[in-house]
Amino acid sequence: MRMVDLIQKKRDGHALSEAEINFIIEGYTQGTIPDYQLSALAMAIYFQGMNSKETSHLTMAMVKSGDTIDLSPIKGIKVDKHSTGGVGDKTSLIVAPLVATVGVPVAKMSGRGLGHTGGTIDKLESIDGFRTELSAEEFIRNVNEIKLALVGQSGNLAPADKKLYALRDVTATVNSIPLIASSIMSKKLASGADAIVLDVKTGSGAFMKDLEDARALAKAMVSIGKELKRQTIALITDMNQPLGYEVGNANEVREAIEVLRGEGEAGLTTLCLTIAAHMTVAGKIYPNFDSAYAELDKVLRSGQALETFKRFVEAQGGNPDQIDHPERLPQSTYHLELEAEEDGFISKIDAEAVGVAAMLLGAGRTTKDDTIDHAVGITLRKKVGDPVQKGEVLAVLHSNDEEPTGSLERLKRAISIGQEKVNKLPLIYDVIH
Ligand code: URA
């Protein structure tokens, strides 16, 4: 087989076979196929696309390029969740202990954040002593005992994806549905899940700005799941404004604790219950979505999921006292209030701009080697559609810099007030099975 012939085949709009895709991914991982040929192929895929069989073959080839995690020592159906990333997205911190409480084993690998969206691992590291590296034995033992363990992504999961993603990043080929779908699914499948619930975000703060693109990505990932016999459900959810009120690390953990106490913001709580309900149905704990949702709502309000969260934090070396007293999580020195300059209704909260404002405070990374300040972030006091009066506080900026001018300016521009009454934004646009 010659790589040049395969590039030409895809360039001319033909489908690649399983053997051809395996040849490409093996060669690229081993270094016998150079970056320039894979760049050309990625661009051909960008323009010509891939059918569902090709996309599944590509996914499996990337899974096979590295280690796979064997979760068979864990009893029960392992259900994973994945979000395509959003601002203020702390759902994993809530959903994982919630489903674990009712018996779904959660053996989760999470990433760190880059750019304007934060990673679950970064958020958890706001808790003193919390360890995101566990030995394989500890990981399995914790999942069997507490039903929940969460670690950082291991070095050698889907290395072909790592290499290809870095190449796509510098060749303007990230935004290709089959390439994104296979990239995400290869990591989920390599980490051993039996079933997967995907939260595909759409809107200004999401990777997929447009609803139709988000739907196409969701369908592509569900189709990979079907081809590879892992039940996969994708929700398409709103990211036109940050999720909940908090954006940052320690403050997002505080908000997650509020939800786990049954006192969280309504939209965030509903989304968490919805994701958890799909996970527990996939995990065969409840027979259908409605009964799952109703039961999980009760569990959340009973405080049992908060207890699970505390046990999980303690089992991974974190200080449980900070879960009982979230005000003891890291706090910044300065708290700057942004006030409304006129009466009206909140017409827009640009999620990406809020994410960038938080990142500039130090809550996120611009390069993967940056360190994070867990104490800083932004608290929104309003959601789109809320009425507002001149002088009311719209948001609070938690900063360790006395004058975070760049961040404040961005935040000001991110929140718009209009004179007309504005509808609340939808939360969930679609569910793809
Ligand atoms: N996230 C991934 O993991 N891969 C992509 O290709 C895009 C987003």
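Start at 1 and go down the list; that is how both ligands and their atoms are numbered. Bear in mind the structure is a predicted one, so any value in this text is a computation, not a measurement.
Under the rule for a ring pair (Phe, Tyr, Trp, His ring centres under 6.0 Å), H374 has no partner lying at least two apart in sequence or in another chain. Residues satisfying the ring pair (Phe, Tyr, Trp, His ring centres under 6.0 Å) criterion with F130, sequence neighbours excluded, are F312.
Side-chain polar atoms of N288 and D290 form no donor-acceptor pair below 3.5 angstrom.
Just one residue in the list I233, T274, I275, L243 forms a side-chain contact (heavy atoms from CB on, under 4.5 Å) with D199, and that residue is I275.
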Distance-only check: which donor-acceptor pairs under 3.5 Å involve side-chain atoms of residues 133-140, not counting sequence neighbours?
residue	atom	partner	partner atom	Å
S135	OG	E138	N	3.1
E138	OE1	S135	N	3.2
E138	OE2	R131	NH2	2.8

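Of the charged side-chain nitrogens involved, at least one lies within less than 4.0 Å of a carboxylate oxygen, so that R2 and D5 count as a salt-bridged pair.
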At less than 3.5 Å, what protein N or O atoms come close to the N or O atoms of ligand 1? Include the distances to 0.1 Å.
residue	atom	partner	partner atom	Å
ligand 1	3 (O)	S183	OG	3.4
ligand 1	3 (O)	K187	NZ	2.5
ligand 1	4 (N)	S183	OG	2.6
ligand 1	6 (O)	R168	NH1	3.0
ligand 1	6 (O)	R168	NH2	2.9
ligand 1	6 (O)	S183	OG	3.4

